[in-house]
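Structure first, then comments.
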Amino acid sequence: MKKIGLLRENQHSNIAVLIPQNIRQLKSDAEFYIETNAGLASGYTDEDYTKAGAIIINSKSELINIADVILSYSAVIGNEEINSTKTFVGAYDVLNDYSTIIPFQKKGVNVYSLNLLPRTTIAQSMDILSSVASILGYKAVLIAATISPITIPMMSGAGGTLRPANVLILGAGVAGLQAIATAKRLGAIVRAFDVRKASKTDVESLGATFIDIEGAIDNSNAGGYAVEQNKEYMEKVDEILFNEAINADIIISTAKIPGKRAPLLISEAAIKAMKPDSVIVDLAADTGGNSALTQKGKTIITNNRITIVGDTRILGKIAKSASFLLANNFASFLKHYLANNDDDEILNATKVITDGQVTNPRLIAEIENL
Ligand code: NAD
């Protein structure tokens with residue numbers, strides 16, 4: 001039986017990519033070795049894993065030596081440890097940052113990234129991108145609501161009536177739709193924009209208003225994802241979103257294009273014209289940000305008192321729920337991995353490096369375009 005090793009993550013994600021219930025389900029297919037305290041930030045003790053049938057290992061290097069396959073969300077692995085890694089299954093965003101896997105390539109480690117899963121019916125239960133996006137969309141609204149000095153719902157009382165907050169959502173994919181649903185539940189007036197026409201129905205079905213900006217390039221071959229827009233269209237977007245931004249109390253921006261810099265949707269001029277004390281939570285901060293002043297990993301307050309959150313560690317702040325979803329995704333992938341060989345659509349799409357060579361067609365295309 002294959003030996004599967006689970007690493008303890010750093011504070012960046014705090015994620016446990018398998019939880020005890022997954023081990024119970026998979027223990028007849030593989031042996032499980034868990035780095036001590038790997039599940040603690042997600043609410044699971046070493047004892048919970050032991051009861052489920054796993055073996056706890058104190059040292060990371062020993063665990064890596066034992067395991068045939070290492071599972072991790074984004075754990076940091078030293079060069080020495082990479083030397084003894086055989087196969088690594090993770091969630092590296094290789095299309096945006098190829099440098100993370102170069103050490104693995106040099107040492108001939110086989111690497112899979114669940115970030116590259118095709119969005120097909122079979123892969124749906126493994127879709128970590130959707131799990132992460134949902135959690136982040138939800139949490140982003142709560143972060144903004146906590147920073148904002150105004151209430152979100154309309155409230156009437158002895159002191160008068162507080163108007164509902166205006167929330168603007170940019171990008172209405174998985175994260176954006178979850179943000180819309182969360183803001184609506186809190187009682188906000190929500191407006192949302194996306195370049196994909198298909199998202200209009202989704203936005204409206206959640207009770208928000210869709211900002212329709214005609215003329216976007218909608219590529220039906222892009223697997224349901226958006227593509228980069230031309231300059232003329234983006235100038236039109238800039239003008240319309242300027243007027244949307246100045247009315248907003250909160251902006252949650254989630255717009256992304258796979259393998260590319262995030263589109264710039266909130267200009268510096270718009271930020272300068274926004275109402276003081278408005279809040280932007282930019283979930284695209286890790287790929288360049290949707291606002292002109294976003295700083296990756298930082299929260300800043302501009303001179304006109306706009307808070308811009310560029311936090312890239314939000315997932316680790318909601319680790320218990322995030323781990324539950326991601327662990328089920330990883331377990332589903334692992335089950336598939338254990339039952340199939342590399343002649344399989346899902347394994348082929350996710351395999352990044354085979355015996356020291358980049359074998360992923362999407363990544364090869366990206367590298368050729370560098
Ligand atoms: P994403 O994270 O890549 O992007 C987020 C959103 O940003 C997308 O809706 C995109 O259209 C939007 N965007 C990109 N450029 C923009 C711009 N210039 N202005 C405004 N918005 C812009 O995408 P995602 O949320 O992961 O999902 C995108 C698509 O994939 C959706 O159609 C979704 O329904 C689909 N999806 C399919 C599956 C499945 O089949 N299993 C699972 C999840 C998502």
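Note that the coordinates shown come from a computational prediction; the quantities given were computed from them, not determined experimentally. Read the numbers this way: they start at 1 and go in the same order the structure lists the ligands and their atoms.
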Near ligand 1, which protein residues have a heavy atom under 4.0 Å away?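 Close residues (ligand 1, cut-off 4.0 Å): Arg119, Gln124, Asp127, Ser130, Gly171, Ala172, Gly173, Val174, Phe193, Asp194, Val195, Arg196, Gly224, Tyr225, Ala226, Thr254, Ala255, Lys256, Ile257, Pro263, Leu265.
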Under the side-chain hydrogen bond (donor to acceptor under 3.5 Å, both in side chains) rule, what pairs show up with a residue in residues 174-194, not counting sequence neighbours?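 Found Arg191-Glu244.
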Would Ser205 and Asp202 count as a side chain to side chain donor-acceptor pair (under 3.5 Å) if you check the C-alpha gap in whole Å, the side-chain angles of each, and the deciding distance to 0.1 Å? CA-CA 5 Å; Ser205 71; Asp202 300 335; 5.2 Å; no
Is any side-chain N of the basic residue among Asp29 and Lys2 closer than 4.0 Å to the acidic one's carboxylate O?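 The answer is no: the pair does not qualify as a salt bridge.
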Among all residues two or more places apart in sequence or in another chain, which pass the side-chain contact (heavy atoms from CB on, under 4.5 Å) test with Ala327?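 Result, side-chain contact (heavy atoms from CB on, under 4.5 Å) vs Ala327: Ile19, Asn22.
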With side chain to side chain contact (heavy atoms under 4.5 Å, CB included) as the criterion, how do Leu363 and Ile101 come out once you've worked through the C-alpha distance, each side chain's angles and the decisive distance to 0.1 Å? CA-CA 11 Å; Leu363 183 56; Ile101 51 155; 3.8 Å; yes
Using the test side chain to side chain donor-acceptor pair (under 3.5 Å), find all partners of Asp344 that sit at least two apart in sequence or belong to another chain.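 Expected list: His336.
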